[in-house]
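Have a look at the structure below, then the notes.
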Protein chains: 2
Amino acid sequence: MRKSRQREAVRSALLAAGRPLTPQEVHAEAERAVEGLGIATVYRHLNALEEGGEVVRLDGFGKGGRYEAAHTGHHHHFHCRDCDRVYDVERCPGQGRIESLAPKGFVVEAHEVTLYGTCAECGSS
Amino acid sequence: MRKSRQREAVRSALLAAGRPLTPQEVHAEAERAVEGLGIATVYRHLNALEEGGEVVRLDGFGKGGRYEAAHTGHHHHFHCRDCDRVYDVERCPGQGRIESLAPKGFVVEAHEVTLYGTCAECGSS
DNA sequence: GCCCTAATGATAAGTGACTATCGTTTATCA
DNA sequence: TGATAAACGATAGTCACTTATCATTAGGGC
């Protein structure tokens, strides 16, 4: 796997954002570093980085996927209904508290909490 | 809006299931009551029932939407990774507890908690 | 600098969910 | 019962996202 400005640009875009981005958002951001960056290249690197464990793909926020730099910490998300951006929420109501909600006989392996509303930026305008 | 066996079959499928169904699941179930039921008819009625407030559409469980009979109660969901079915979870960790997770300046209007794992049926096999 | 080939960008093609169209069926009401 | 138009089933079309193709560019060992 050769070094490439494009891959670095994709990786940096995700790290700098600190929140999950759509491929389009990644493209827009990474294009600032690599003029003429193709959308296919963005998809290629997102897939490669996900494969390599550097990036995590999220579903459930609208049509396409969102990608964020692999976090070690457990966290959740806030989905702004105005701008459609997704933000990280660092805290959690508590693993045990949430997993105990499951009906009997159901084994919980993970959970996701999503908040919906208006982000600070949209709310202040 | 005329009465039709097809609409009743779609409505009944959702009520009987007591959990969110994909249009395909609705179709499979409703077809037991109406032989030869078309998938387009299922989509038509799901949209109409949603419009009429009898049914709620959910996103975020894979590619397409899921539909469930309109509940009055606040509840969450369990998504089985084996069979891909979604079940209702009647309890909630607590509205206030969850909404307080949001960063400052963010206004929370709603939240969704999703549990992932193995359902009782898949786990027992 | 040269060569090899991985990586790239443009874009055609694929995918899956959903919708529009259209000729036929059927519920409703005079 | 017969007329009317809503509802139907089949299927072609649409839309967004994602992937495959291919000619060109460029990283890196020599």
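Below, read A as the first sequence line, B as the second, and so on, with proteins coming before strands; counting in each chain starts at 1.
Other residues, nucleotides and ligands contribute at most 12 non-hydrogen atoms within 6.0 Å of the CD atom of B:Glu51.
Classified by interplanar angle (parallel below 30°, tilted 30° to 60°, perpendicular above 60°), the ring pair B:His71/B:His75 is tilted. Below 30°, between 30° and 60°, or above 60°: for A:Phe106 and B:Phe78 the angle between ring planes is above 60°, a perpendicular geometry. Relative ring orientation between A:His79 and A:Tyr116 is described as tilted, the plane-to-plane angle lying within the 30° to 60° band. Relative ring orientation between A:His76 and A:His111 is described as tilted, the plane-to-plane angle lying within the 30° to 60° band.
An OP1 or OP2 oxygen of D:dG27 is reached within less than 4.0 angstrom by no side-chain nitrogen or oxygen of A:Ser4. Residue B:Thr41 places at least one side-chain N or O under 4.0 Å from the OP1 or OP2 atom of D:dG9. Look at B:Tyr43 and you'll find a side-chain N or O under 4.0 angstrom from OP1 or OP2 of C:dC18. Note on B:Gln6: every side-chain N or O is 4.0 Å or more away from OP1 and OP2 of C:dT26. Phosphate contact (OP1/OP2 of D:dA7, side-chain N/O of B:His45, threshold under 4.0 Å): absent. Close to C:dC18, at under 4.0 Å from its OP1 or OP2, lies no side-chain N or O of B:Asn47.
Following rounding to the nearest Å, A:Leu46 (CG) and C:dT8 (C1') show an atom-to-atom distance of 15 Å. Atom CZ of B:Arg44 and atom P of C:dA17 are 19 Å apart (whole Å). Rounded to an integer number of Å, the gap from CD of A:Glu50 to C1' of D:dT18 is 13 Å. Counting to the nearest Å, the P atom of D:dA16 and the CD atom of A:Glu25 are 17 Å from each other. One can place CD of B:Gln24 at 6 Å from P of C:dA17, the figure rounded to the nearest angstrom. Straight-line distance from the CG atom of B:Asp59 to the P atom of D:dC17: 14 Å, rounded to whole Å. Atom-to-atom, CZ of B:Arg66 to P of C:dG16 comes out at 16 Å; the value is rounded to the nearest Å. Rounded to an integer number of Å, the gap from CZ of B:Phe61 to P of C:dA17 is 16 Å.
Looking at A:Arg5, its side chain has no donor and acceptor atom pair within 3.5 Å of the base of D:dG27. For A:Arg2 against C:dT5, a side-chain-to-base donor-acceptor contact under 3.5 Å is present.
For the pair B:Met1 and B:Gly64, both in contact range of DNA chain C, the more 5′-proximal nearest nucleotide belongs to B:Gly64. Between B:Ile39 and A:Leu37, the residue anchored nearer the 5' end of DNA chain C, judged by the nucleotide with its closest heavy atom, is A:Leu37.
Test A:Arg19, A:Arg85, A:Arg32 against A:Glu25 for salt bridge (Lys or Arg N to Asp or Glu O under 4.0 Å) and you get one pass: A:Arg19.
Across all strands shown, A:His27 has no heavy atoms under 4.0 Å from either base or sugar-phosphate atoms.
Proximity note for A:Lys63 (side chain, C-beta onward) versus D:dA20, D:dA16, D:dG9: the nearest is D:dA16. Nearest nucleotide to the A:Arg57 side chain, out of D:dG9, D:dT18, D:dT11: D:dT18.
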